[in-house]
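One structure is given below, encoded as structure tokens.
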2 protein chains.
Amino acid sequence: MEANIESKFKAAVSVDNVVFGFDNNDLKVLLIYRGAEPYKDCWALPGDLISLDQDLEQSAENVLQNLTGLDNIYMDQIHTFGRVDRHPFGRVFTVAYFALIKIQDYLVKPSSWAEEAAWFPINEVPELPFDHMEILEYAKDLLKNKIRHQPIGFELLPKYFTLTEIQSLYEAILETQFDTRNFRKKLLSMNLIVDTGRQQKEVAHRPAKLYKYITKRYAQLQQSGFSFDL
Amino acid sequence: MEANIESKFKAAVSVDNVVFGFDNNDLKVLLIYRGAEPYKDCWALPGDLISLDQDLEQSAENVLQNLTGLDNIYMDQIHTFGRVDRHPFGRVFTVAYFALIKIQDYLVKPSSWAEEAAWFPINEVPELPFDHMEILEYAKDLLKNKIRHQPIGFELLPKYFTLTEIQSLYEAILETQFDTRNFRKKLLSMNLIVDTGRQQKEVAHRPAKLYKYITKRYAQLQQSGFSFDL
DNA sequence: CTATAAAGTGTGTAAATTACACTTATTCAA
DNA sequence: TTGAATAAGTGTAATTTACACACTTTATAG
């Protein structure tokens, strides 16, 4: 039994990544300056067409890998966009992913198809081509929901971070304010982070303790019916 | 400016629907008996290749429309599956959707490409072809999460339902038990459902009051920061 | 009219969430 | 060296929410 798929069904499929970072109390998104048509010379989400011998997940990881040189990044599929006219050169479906990276740990290098890459504060994103703005909005919503129910905020912070930093991160993403004492109490009571004994250095005020996130803990706690919530 | 997408990137894209129903205290899923290759004569998720002139969402709705004759069904995109070898006839990405339907209101008619369609209790699903089992698991997980945070359970019940019915539905899907008094208290306190004044008829015990879900309420309440949780 | 079956209802206790303000540790500049 | 500036760090009482728990009511069937 052999057969082929009729060519009247054949379209291209791409991946587009919404890469989030956190820096200077701002949530940021990584955009590339397109060096090729269509929409040459526009800022856009980093993405690429999927070649036929590559798994979907793999493609999304490769795009990010080319862009950042990083492995082992938190990624998640968001949604697939497939309006007939979303791409001017033909029918192209795109599978959107989001990624969370530790912005200060790594420098971003533009890939072959991009002339430049840069971080934009989430509220200062320029006009985006295709349906990229819609994708970005989708990603923001997902991030907001997810960060409240899963301990993924730590993916955006350095290995060692202060309680004030994690609180600012939550406040920036959720666009709310938390009471410092209550926030700390709740976060610490989950036993997902521990005091490393280290401290901030060279700050013009009382230095904050540095904590780190214990990845294993969450997996263990989940077994016992624990559910993360902030 | 004109260009085309190289054919080395061209693949097929399909939609597959996980259609849930609830009946006799059981969560059920709708499968079709495939009348065409590949996997002819297997039970599978209803799906179809997307033709190039059709939007993605539209395709998913059409598959369901052909199968059930129904419009206006709750649908949600789940995830996109794109392993290179997931389809024996070539590269086929599939975008999975889930749909919730009121099983008792409508009879299911098999579509052209299916010889038969039938409801299977979620724990008595036969082996499925392609990666359909993986898709189904994904859909079950999503349903479990979603039903706790959004008032979508009502989509699975008749227009008028009893409190016992909605409780059984939650118990079946979440695989837990709820205390009757607490469940009712919480559900009613959300003001999303109202007593219609009607009653069950011809049951061999005290007849239950019939309630209905007020769609508009949820939208209103959301504005004011309300969040559904059960 | 009695048995059966499921519907319907309230209260006290424990746990979680919220509101709220001052003290401490460090750097920098006078 | 000392005081001003800055952000870190900390506890308790009040309120709200979640949880555990058992009997009464209303219908039908025989």
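Chain letters run A, B, ... following the sequence lines, proteins first, then strands; residues in each count from 1. Quantities reported herein were computed from a predicted structural model and do not represent experimental measurements.
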### Any donor-acceptor N/O pair under 3.5 Å between D:dA22 base and B:R181 side chain
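Between D:dA22 and B:R181, which were checked side chain against base, a qualifying N/O pair under 3.5 Å is present.
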Please report, rounded to the nearest Å, how far the [atom2] atom of [N] is from the [atom1] atom of [X].
X	N	atom1	atom2	result
B:F183	D:dA20	CZ	P	16 Å
A:D179	D:dT12	CG	P	16 Å
B:F178	D:dC21	CZ	C1'	17 Å
A:K201	D:dT6	NZ	C1'	20 Å
A:D229	D:dA18	CG	P	12 Å
B:N25	C:dA6	CG	C1'	12 Å

### Task
Using the ring-ring contact (aromatic ring centres under 6.0 Å, His included) rule, pick out the option among A:F81, A:F98, A:Y97 that qualifies with A:Y138.
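When A:F81, A:F98, A:Y97 are each tested with A:Y138, the ring-ring contact (aromatic ring centres under 6.0 Å, His included) holds only for A:F81.
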### Task
Check A:W43, A:F120, A:Y39 against A:Y33 for a ring-ring contact (aromatic ring centres under 6.0 Å, His included) and give me the one that passes.
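So the option named by the test is A:W43.
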### Task
Starting from the C-alpha separation in whole Å, work towards a yes-or-no answer on side chain to side chain contact (heavy atoms under 4.5 Å, CB included) for B:T94 and B:I135.
CA-CA 10 Å; B:T94 198; B:I135 295 175; 3.9 Å; yes
### Query
Rounded to the nearest 0.5 Å, how far apart are CG of A:L56 and CD of A:E61?
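If we round to the nearest 0.5 Å, A:L56:CG and A:E61:CD are 10.0 Å apart.
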### Query
If only atom types and distance count, is the side chain of B:Q167 paired as donor or acceptor with the main-chain N or O of B:F178 below 3.5 Å?
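Side chain of B:Q167 to backbone of B:F178, a donor-acceptor pair under 3.5 Å: yes, one is there.
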### Query
Is the side chain of A:H132 donor-acceptor paired with the backbone N or O of A:A44 at a distance under 3.5 Å, no angle test?
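No; zero donor-acceptor contacts below 3.5 Å.
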Show the distances under 3.5 angstrom between N or O atoms of the protein and N or O atoms of nucleotides 7-9 of chain D.
residue, atom, partner, partner atom, Å
D:dA8, OP1, A:T164, OG1, 2.7
D:dA8, OP2, A:T164, OG1, 3.2
D:dG9, OP1, A:K209, N, 2.7
D:dG9, OP2, A:R184, NH1, 3.1
D:dG9, OP2, A:R184, NH2, 3.3

### Task
Using a strict cut-off of less than 4.0 Å between a Lys/Arg side-chain nitrogen and an Asp/Glu carboxylate oxygen, indicate whether B:R86 and B:E134 qualify as a salt bridge.
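Salt bridge between B:R86 and B:E134, a charged N being under 4.0 Å from a carboxylate O: no.
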### Message
Strictly below 4.0 Å: does B:Q199 bring a side-chain N or O up to OP1 or OP2 of C:dA7?
### Response
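Looking at the OP1 and OP2 atoms of C:dA7, neither is under 4.0 Å from any side-chain N or O of B:Q199.
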Can you pull every protein N or O that's under 3.5 Å from an N or O on nucleotides 11-17 of chain C?
residue, atom, partner, partner atom, Å
C:dT11, O4, B:K185, NZ, 2.9

### Query
Which is it for B:F154 and B:K212 under the side chain to side chain contact (heavy atoms under 4.5 Å, CB included) test, yes or no, and what are the steps along the way?
CA-CA 9 Å; B:F154 306 107; B:K212 68 177 179 187; over 6 Å; no
### Query
Quick one: salt bridge (Lys or Arg N to Asp or Glu O under 4.0 Å) pairs with a partner in residues 161-175 of chain A, sequence neighbours left out?
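Sorted pair list: A:K144-A:E175.
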